[in-house]
Amino acid sequence: MVRTLKFKRLTSTAILPTRATAGAACFDLYADEQQWLDDMRTRRTVGTGIAIELPPGHVGLVCSRSGLAAKEGIHVLNAPGVIDEDYRGEIKIILARQPFSPQWPSPDIVMIESGMRIAQLMILPLPQLTVEEVTDLTTTERGDGGLGSTGV
């Protein structure tokens, strides 16, 4: 069953999300403004100029683009960013550069240009759950073993 994903342009320059290929899992999101990033000293919120109406029972997850991460060290800072089903405002992306080598921080500045693909949007179904307080939880092999308890 094909569902419609509704987007609204908030500016005349906004680019609607696209899929790079028919089999792509995510929609590419585009910058609708110019920003700059140098190294981890900066983070920028970049507007996309679009708003979304998610289908009922779905969530939007904003993820980094692998090409930007590999080539420029640019990541979505709060990845994955969450877009709630009832949010109707502009989708904004928080971007930052992450150091990869001892040569960082880099003096180079990367410009985020309007029209540049800056993130990916994944749409997933979200189960509707209720909260129930209990006195005991079922036991598992792992139990309450936390960080690193299953090995490195």
Participant: Can you tell me how far CD1 of I52 sits from CD1 of I91, rounded to the nearest 0.5 angstrom?
Facilitator: 5.0 Å
Participant: Answer with yes or no whether the side chains of S114 and Y30 bring together a donor and an acceptor at under 3.5 Å.
Facilitator: no
Participant: Between atom CG of L16 and atom NZ of K6, what is the distance when rounded to the nearest 0.5 Å?
Facilitator: 14.5 Å
Participant: Locate the shortest heavy-atom distance separating I123 from G60; write the atom from each residue and the value.
Facilitator: CD1-CA, 4.0 Å
Participant: Measuring only between side-chain heavy atoms, which start at C-beta, is I74 closer than 4.5 Å to I112?
Facilitator: yes
Participant: Mind checking whether L121 and I83 have side chains closer than 4.5 Å, heavy atoms only?
Facilitator: yes
Participant: Grab the two heavy atoms, one from E72 and one from R97, that are nearest each other, plus how far apart they are.
Facilitator: O-NE, 2.9 Å
Participant: In the structure I gave you, are the side-chain heavy atoms of H75 and L95 within less than 4.5 Å of one another anywhere?
Facilitator: no
Participant: State, to 0.1 Å, how close L37 and R44 come at their nearest heavy-atom pair, and which atoms those are.
Facilitator: CD2-CG, 3.7 Å
Participant: Looking at CD of E53 and CZ of F7, how far apart are the two atoms once the value is rounded to the nearest 0.5 Å?
Facilitator: 11.0 Å
Participant: How far does NZ of K8 sit from CD of E90, to the nearest 0.5 angstrom?
Facilitator: 12.0 Å
Participant: Out of curiosity, does V62 fall in the hydrophobic cluster containing V82 (side-chain heavy atoms, cut-off under 4.5 Å, transitive links)?
Facilitator: no
Participant: Taking A96's backbone N and O only, do any of them form a donor-acceptor pair with R43's side chain (distance below 3.5 Å, no angle check)?
Facilitator: no
Participant: Using the rule that two of Ile, Leu, Val, Met, Phe, Trp, Tyr join whenever any of their side-chain heavy atoms come within less than 4.5 Å, decide whether M122 and F27 are in one cluster.
Facilitator: no
Participant: Please determine whether residues L61 and L126 belong to a single hydrophobic cluster, defined as Ile, Leu, Val, Met, Phe, Trp and Tyr linked transitively by side-chain heavy-atom distances below 4.5 Å.
Facilitator: yes
Participant: If you compare all heavy atoms of M111 against all heavy atoms of M116, which two are closest, and at what distance to 0.1 Å?
Facilitator: O-SD, 3.8 Å
Participant: Locate the shortest heavy-atom distance separating P55 from L5; write the atom from each residue and the value.
Facilitator: CD-CD1, 3.8 Å
Participant: Does I118 belong to the same Ile/Leu/Val/Met/Phe/Trp/Tyr cluster as I15, with side-chain heavy atoms less than 4.5 Å apart forming each link?
Facilitator: no
Participant: Is R65 salt-bridged to D28, cutoff N-O under 4.0 Å?
Facilitator: yes
Participant: May I ask you to check whether T48 and D32 show a side-chain donor-acceptor distance below 3.5 Å?
Facilitator: no
Participant: Could you check whether any side-chain N or O of R88 sits under 3.5 Å from a backbone N or O of E85, counting only pairs where one atom can act as donor and the other as acceptor?
Facilitator: yes
Participant: Output the distance between atom NE2 (H58) and atom CG (D84), rounded to the nearest 0.5 Å.
Facilitator: 14.0 Å
Participant: Let me confirm one number: the CD-OG1 distance from E33 to T45, rounded to the nearest 0.5 Å.
Facilitator: 8.5 Å
Participant: Identify the two heavy atoms, one from V76 and one from A119, that lie closest to each other, and give their separation to 0.1 Å.
Facilitator: CG2-CB, 4.0 Å
Participant: Side chains of Q120 and S64: does their closest heavy-atom pair fall under 4.5 Å?
Facilitator: no
